[in-house]
Amino acid sequence: DTAVSQTPKYLVTQMGNDKSIKCEQNLGHDTMYWYKQDSKKFLKIMFSYNNKELIINETVPNRFSPKSPDKAHLNLHINPLELGDSAVYFCASSQVLGAGDTQYFGPGTRLTVL
Amino acid sequence: QKEVEQNSGPLSVPEGAIASLNCTYSDRVSQSFFWYRQYSGKSPELIMSIYSNGDKEDGRFTAQLNKASQYVSLLIRDSQPSDSATYLCAVKGGSNDYKLSFGAGTTVTVRA
């Protein structure tokens, strides 16, 4: 069973389009995250939700909008897409919110904006 | 914003040798420290966590933490070709800081 899953795995789209990436975790965790990993492998937090409440909102353009319909799901909507959005986006979850909790990562979504 | 710096790679070691990875962090109140391994094209996976000064051993991996020096390291003993990956150091702040800050990673290649 996949613990943290993301769809799609690959996404190729045109600049200016409107796309979503979905994430689901079946671990029963309370907290979910979105990270962006650029071409230099630098992994940076974008958003975090705890029990559907937004708790981390980094300096991210408002073209990015997360949505958490329930604590098992966290989706990322991007509109409009720009060339610089090309990266791998990882979803992660952790059992509790706070220092010391282990984060489990999904397989990643490789986004290419043409 | 915490800064997390890792020694630049790539690091190439022969099979059976010890690979030594270093990480420093800027936020003195940081409390939790993690090492993640990321194979090419895959997601990061946790291999070690450490919260107290000193050494923590898990199989062939040893994490070392020195909060006074704001330094955390990872030793991989008896390196195997399967250890070839990028190793990411991650740091979490105090109890009210929920963010995990990652270093840029050190790529390790173990030569057979």
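Because the structure is a prediction, the values reported are computed rather than measured. Atoms considered below: every heavy atom in the structure, side chains included; atoms not considered: hydrogens, waters and symmetry mates. Residue numbering restarts at 1 for every chain, and letters A, B, ... go by the order of the sequence lines.
- Note that the CD1 atom of A:I45 and the CZ atom of B:F102 stand 8.5 Å from one another [nearest 0.5 Å].
- For a residue to count as touching a neighbouring chain, one of its non-hydrogen atoms must lie under 4.5 Å from one of that chain's; by this rule B:Y36 touches chain A with the side chain only.
- If you chain together hydrophobic residues whose side chains sit under 4.5 Å apart, A:V88 and A:L83 never meet in one group.
- Applying the 6.0 Å contact sphere to NZ of A:K52 captures no more than 12 heavy atoms from other residues, nucleotides or ligands.
- Around the CZ atom of B:R77, the shell of radius 6.0 Å holds more than 12 heavy atoms that belong to other residues, nucleotides or ligands.
- Counting all heavy atoms, side chain and backbone alike, B:A104 lies closest to A:F42 at CA-CD1, 3.8 Å.
- Using a 4.5 Å heavy-atom threshold, the side chains of A:Y33 and B:L100 count as separate.
- Heavy-atom minimum distance, B:S43 versus A:G106: CB-O, 2.8 Å.
- Follow the hydrophobic side-chain contacts under 4.5 Å out from A:L11 and you reach A:F47 in the same cluster.
- Contacts between A:K41 and chain B at a heavy-atom distance below 4.5 Å involve backbone atoms as well as side-chain atoms.
- Using a 4.5 Å cut-off between heavy atoms, B:Q38 contacts chain A through its side chain alone, with no backbone atom that close.
- More than 12 heavy-atom neighbours from other residues, nucleotides or ligands sit within 6.0 angstrom of OH on B:Y25.
- B:L88 has its side chain within reach of A:L43: a pair of non-hydrogen atoms, C-beta onward, lies under 4.5 Å apart.
- Contact check for B:K42 versus A:F105: no side-chain heavy atoms found under the 4.5 Å cut-off.
- Proximity to chain B involves both the backbone and the side chain of A:Q103, based on heavy atoms less than 4.5 angstrom apart.
- B:V72 and B:L75 are members of different hydrophobic clusters when ILVMFWY side chains are connected at heavy-atom separations under 4.5 Å.
- Within a 6.0 Å radius of CD in A:E53, other residues, nucleotides and ligands contribute 12 heavy atoms or fewer.
- No part of A:Y104 comes within reach of chain B, as not one of its non-hydrogen atoms sits under 4.5 angstrom from that chain.
- At most 12 non-hydrogen atoms from other residues, nucleotides or ligands lie less than 6.0 angstrom from NZ of A:K22.
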